[in-house]
Amino acid sequence: MLDGLAALYPDARCELHYETPFQLLVATMLSAQSTDAKVNQVTPELFRRYPDARAFAALTPEELAPHIQSIGLYRTKSKNIIETARILVERFGGEVPRDFDALVALPGVGRKTANVVLSTAFGLPAIAVDTHVFRVGRRLGLASGDTPERVEAELRQRIPMSEWAVTHHRLIWHGRRMCHARAPKCDRCPLWVDCPHGLKAARSGQKNQDPPVDNIGRVD
DNA sequence: ATCCCGAGGG
DNA sequence: CCCTCTGGAT
């Protein structure tokens, strides 16, 4: 299954746009209950105006909110991002700490966001379990736990540490391109033969033509 | 109506 | 554990 995923998405990577760990932290905080496409729509202008923690720390929520309003949950996010920026300036010299406990202690930063920053910005071993990783990991039979934290523990066991970061992104790509929450495209999914959910779908009628989709995971 | 790279409060 | 925060896409 892991090999199949790797073959399908050889170029899986983070799709949020950022220049620094701090910018990835902000982009990830913004991505809650939103899509990365929406986040990428506002961050270029946002990071041009406010490039680092010091710039964000000087803002009021009323100044920040209009820039991120289209993303949703904007009141909470404005407050949290500014407060996080202030803590980074006061206690971490304006830098993002490479430490899980320090990250989750920041307002608006939970387990998922902390793991994204650790693995994607710093290359440290971590698996962020977001809605896609949770859903797809369970459908593919890589995990069975009923909470993101349990699924994270299972994935840590089943996946070699050197593959944690890529596999995280492959699961997300698969979730976005094929294994949707609603109406997953099992009938067009090359992984269906190894997938409990795909086999179930095939049995219950949706004739699987198994036409290996060509390069859906490759970057142009 | 349901979901999107969630987190915090009660 | 359940609720709420939020706009946009499907």
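Computed from a predicted structure; not experimentally measured. Each chain gets a letter, A, B and so on, in the order its sequence line appears, and its residues count up from 1.
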Visitor: Using atom C1' of each nucleotide, how far apart are C:dA9 and B:dA7 to the nearest Å?
Guide: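 These two C1' atoms come out 23 Å apart once rounded.
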Visitor: Is it true that A:E152 and A:R156 have a side-chain N and a carboxylate O under 4.0 angstrom from each other?
Guide: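 Answer for the salt bridge query: yes.
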Visitor: May I have the distance from A:K77 (atom NZ) to C:dG7 (atom C1'), rounded to whole angstrom?
Guide: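 In whole Å, C:dG7 C1' and A:K77 NZ are 9 Å from each other.
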Visitor: At what distance, to the nearest 0.5 angstrom, does CD of A:E15 lie from CG of A:D36?
Guide: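 Result: 5.5 Å between the selected atoms.
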Visitor: Between C:dC5 and B:dC5, how far apart are the two P atoms, rounded to whole Å?
Guide: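 It works out to 22 Å between them.
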Visitor: Output one letter per nucleotide in nucleotides 1-10 of chain B: B when a protein non-hydrogen atom lies under 4.0 Å from the base, S when only the sugar-phosphate is that close, - when neither is.
Guide: -BSBBBSS--
Visitor: Flag the pair A:F22 / A:F56 as yes when their ring centroid distance falls below 6.0 Å, and as no otherwise.
Guide: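 Yes, close enough.
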Visitor: Can you measure from NE2 (A:H67) to OH (A:Y50) and round to the nearest 0.5 angstrom?
Guide: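 Rounded to the nearest 0.5 Å, the NE2-OH separation comes out at 3.5 Å.
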Visitor: When you compare B:dG8 with C:dG8, how far apart are their C1' atoms, in angstrom units rounded to a whole number?
Guide: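 Here B:dG8 and C:dG8 have their C1' atoms 23 Å from each other.
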Visitor: Is atom CD of A:E19 surrounded by more than 12 heavy atoms (other residues, nucleotides or ligands) closer than 6.0 Å?
Guide: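 Counting neighbours around CD of A:E19, 12 or fewer heavy atoms of other residues, nucleotides or ligands fall under 6.0 Å, so no.
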Visitor: Mind calculating the distance between NZ (A:K38) and C1' (C:dT6) to the nearest angstrom?
Guide: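 Rounded to whole Å, this separation is 12 Å.
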Visitor: Check whether A:R111 reaches the backbone of A:E149 with its side chain - one donor and one acceptor, N or O, closer than 3.5 Å.
Guide: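 Here the side-chain-to-backbone pair does not exist.
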